[in-house]
J.: 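Can you read through this structure? Questions will come right after.
Reminder, nothing fancy here: chain letters follow the sequence lines and each chain counts from 1.
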Amino acid sequence: MPTLRPHTPADYDLRRDCCSYGYFLLAPNSWDPRTCTLWRPLRTSEGVFLTHTAQPRGPGTTLRIGITGRPGAAARREIAAQITRMLRLDEPHETLRAFHTLDPRWAPSGRGRLFRSPTLFEDVIKTVTSCNVTWPSTVTMNRRLCDVLGRPGQPPARLKAPLSVRDFPTASALSRARPASLRARCRVGYRDARIVELGKRFARLKGGIDAAWLENPSTPDDAVFDALIDLPGIGPYAAANIMQLMGRYRRLPLDTESVRHGRSILNMRGTPAAIMKRMAAHYAPFGEHAFRSYWLELWDFYESKHGPAWTWERDTTGRMFTAALLNKQP
DNA sequence: GGTAGACCTGGACGC
DNA sequence: GCGTCCAGGTCTACC
């Protein structure tokens with residue numbers, strides 16, 4: 001079986017850094033808590049390959065990416081690049097150090113890298129499927145999108161892959177879907193036409209967007225925010241969330257979870273709108289790392305309820321990790 | 001510029 | 001098993 005050894009930062013801890021944001025629980029990602037392995041089908045120019053990424057020698061050692069099938073040199077490079085994006089293996093050490101200097105609470109644990117998707121498009125769709133729904137619906141929508149529109153990869157011959165080997169649908173595949181079919185088969189509800197339109201924009205079929213420009217670090221935050229908020233289904237919350245997934249942490253995606261956090265942990269009082277204003281002011285001193293400080297506080301709360309995220313089973317704890325649901329747990 | 005109501009789904013709850 | 005209520009962010013119409 002082909003194996004890749006991507007460049008791995010000296011402080012990298014797969015358990016900590018992969019299980020750091022809810023998207024690691026969404027299809028087609030699959031974290032196996034027993035083996036501490038991330039399973040994930042990835043699309044390349046040579047087809048879809050099922051990968052599994054582990055850190056067999058423990059934190060701080062080189063990751064190993066096992067690949068089912070026979071990828072050529074180009075496909076291997078594409079797989080390594082996608083895993084690097086998902087796990088933020090290329091995040092400069094100085095950036096993390098700057099974050100830990102600004103917010104020393106996370107220096108001892110080394111936290112700061114937040115999981116994301118292999119492509120900006122997948123992060124955008126995952127964000128849209130997380131709006132105006134409870135987390136279990138987000139889980140269902142992503143699983144169905146993969147089952148219905150993802151291309152199958154080669155299943156492993158001997159290894160037991162925990163889940164489906166279908167990848168996440170491409171922009172092109174979603175641009176060709178019929179809204180009614182998306183609604184009926186993927187349970188995306190009123191998001192149907194918006195998702196198809198996003199597929200068209202990212203496939204650059206109609207009013208196409210320039211993903212390279214969006215992802216270019218020299219593009220100003222405000223310009224990125226304005227471009228994102230122009231997209232269908234993307235409002236202030238979604239735009240800010242997509243920005244943090246792009247590594248732009250200055251804006252906070254404020255939602256009902258933020259209000260819950262403001263009230264219960266930070267002892268803020270007032271209407272939801274007033275609390276959101278106070279939340280923005282509260283984290284403003286963390287500047288370009290504001291979201292990381294905010295998110296790690298939230299994540300800490302979730303883990304205080306149900307143990308370290310790397311132990312969460314996708315189909316049990318992983319379906320109920322928002323505070324509203326966790327608070328109902330015994 | 002601010003606000004009210006519709007949009008959909010799935011889970012919780014009561015009967 | 002069925003009906004009702006509720007949570008959730010975006011969008012549009014309206015003031």
J.: Rounded to whole angstroms, how far apart are CG on A/L198 and C1' on C/dC11?
T.: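 Those two atoms, CG and C1', are 14 Å apart.
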J.: Distance check needed: C/dG8 C1' versus A/K126 NZ, whole Å only.
T.: 19 Å
J.: Determine whether a donor-acceptor pair (N or O, by modelled atom type, separation under 3.5 Å) exists between the side chain of A/E46 and the backbone of A/G72.
T.: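 Judged by distance alone, yes, a pair lies under 3.5 Å.
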J.: Tell me whether A/D17 contacts the main-chain N or O of A/L14 through its side chain, where contact means a donor paired with an acceptor under 3.5 Å.
T.: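 Here the side-chain-to-backbone pair does not exist.
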J.: Measure from CD1 on A/I195 to P on C/dG9 and round the result to the nearest Å.
T.: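 From A/I195 CD1 to C/dG9 P: 17 Å.
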J.: Whether A/T140 contacts B/dG10 is assessed here as follows: a side-chain N or O lying under 4.0 Å from the phosphate OP1 or OP2. Is that the case?
T.: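 A/T140 to B/dG10 OP1/OP2: no side-chain N or O under 4.0 Å.
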J.: Looking at A/Y283, I'd like to know if the NZ or CZ of A/R292 sits under 6.0 Å from its six-membered ring centre while staying within 45 degrees of the ring's axis.
T.: no
J.: What is the separation between atom CD on A/E197 and atom P on C/dC11, rounded to the nearest whole Å?
T.: 12 Å
J.: Between the protein and nucleotides 13-15 of chain C, which nitrogen or oxygen pairs come in under 3.5 angstrom?
T.:
none

J.: Rounded to the nearest angstrom, tell me the gap between atom CE in A/M141 and atom C1' in C/dG9.
T.: 11 Å
J.: Between B/dG10, C/dT10, C/dG8, which one does the side chain of A/R187 approach most closely?
T.: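 Output: B/dG10.
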J.: Does NZ or CZ of A/R88 come closer than 6.0 Å to the centre of the six-membered ring of A/F115, within 45° of the ring's axis?
T.: no
J.: Check whether any side-chain N or O of A/Q55 sits under 3.5 Å from a backbone N or O of A/T62 as a donor-acceptor pair, and report yes or no.
T.: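 The answer is no, because no donor-acceptor pair under 3.5 Å joins these two groups.
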J.: Short of 4.0 Å, heavy atom to strand atom, which residues of residues 229-237 of chain A count as contacting DNA chain C?
T.: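 A/L231, A/P232, A/G233, A/I234, A/G235, A/P236, A/Y237, in order of number.
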J.: Side chains of A/L42 and A/E78: does their closest heavy-atom pair fall under 4.5 Å?
T.: no
J.: For B/dG10, does either OP1 or OP2 sit under 4.0 Å from a side-chain N or O belonging to A/T134?
T.: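 It does not, given that no N or O in the side chain of A/T134 lies less than 4.0 Å from OP1 or OP2 of B/dG10.
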J.: Take A/S258 and A/Y237 through the test side chain to side chain donor-acceptor pair (under 3.5 Å) and record every step on the way to the result.
T.: CA-CA 11 Å; A/S258 319; A/Y237 163 82; over 6 Å; no
J.: For nucleotides 2-7 of chain B, which of its nitrogen or oxygen atoms have a protein nitrogen or oxygen under 3.5 Å away, and what is each distance?
T.:
none

J.: Got A/R85 and A/L120 here, is their nearest side-chain heavy-atom distance under 4.5 Å?
T.: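 Of all side-chain heavy-atom pairs linking A/L120 with A/R85, at least one is under 4.5 Å.
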J.: When the ring centroid of A/W299 is compared with that of A/W310, is the distance short of 6.0 Å?
T.: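 No: the rings miss the under 6.0 Å criterion.
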J.: What integer distance in Å separates A/R191:CZ from C/dT10:P?
T.: 11 Å
J.: Counting distance only, does the side-chain N/O of A/R251 pair as donor-acceptor with the main-chain N or O of A/A290 below 3.5 Å?
T.: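 Checked: no pair found.
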J.: If I take atom CD1 in residue A/I242 and atom C1' in nucleotide C/dT10, what distance separates them, rounded to the nearest angstrom?
T.: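 Taking CD1 of A/I242 and C1' of C/dT10, I get 13 Å after rounding.
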J.: Check for me, please, whether A/L245 and A/L89 land in the same ILVMFWY cluster - side-chain distances under 4.5 Å, paths through other members count.
T.: yes
J.: For A/I125 and C/dT10, what is the distance between atoms CD1 and P respectively, to the nearest whole Å?
T.: 14 Å
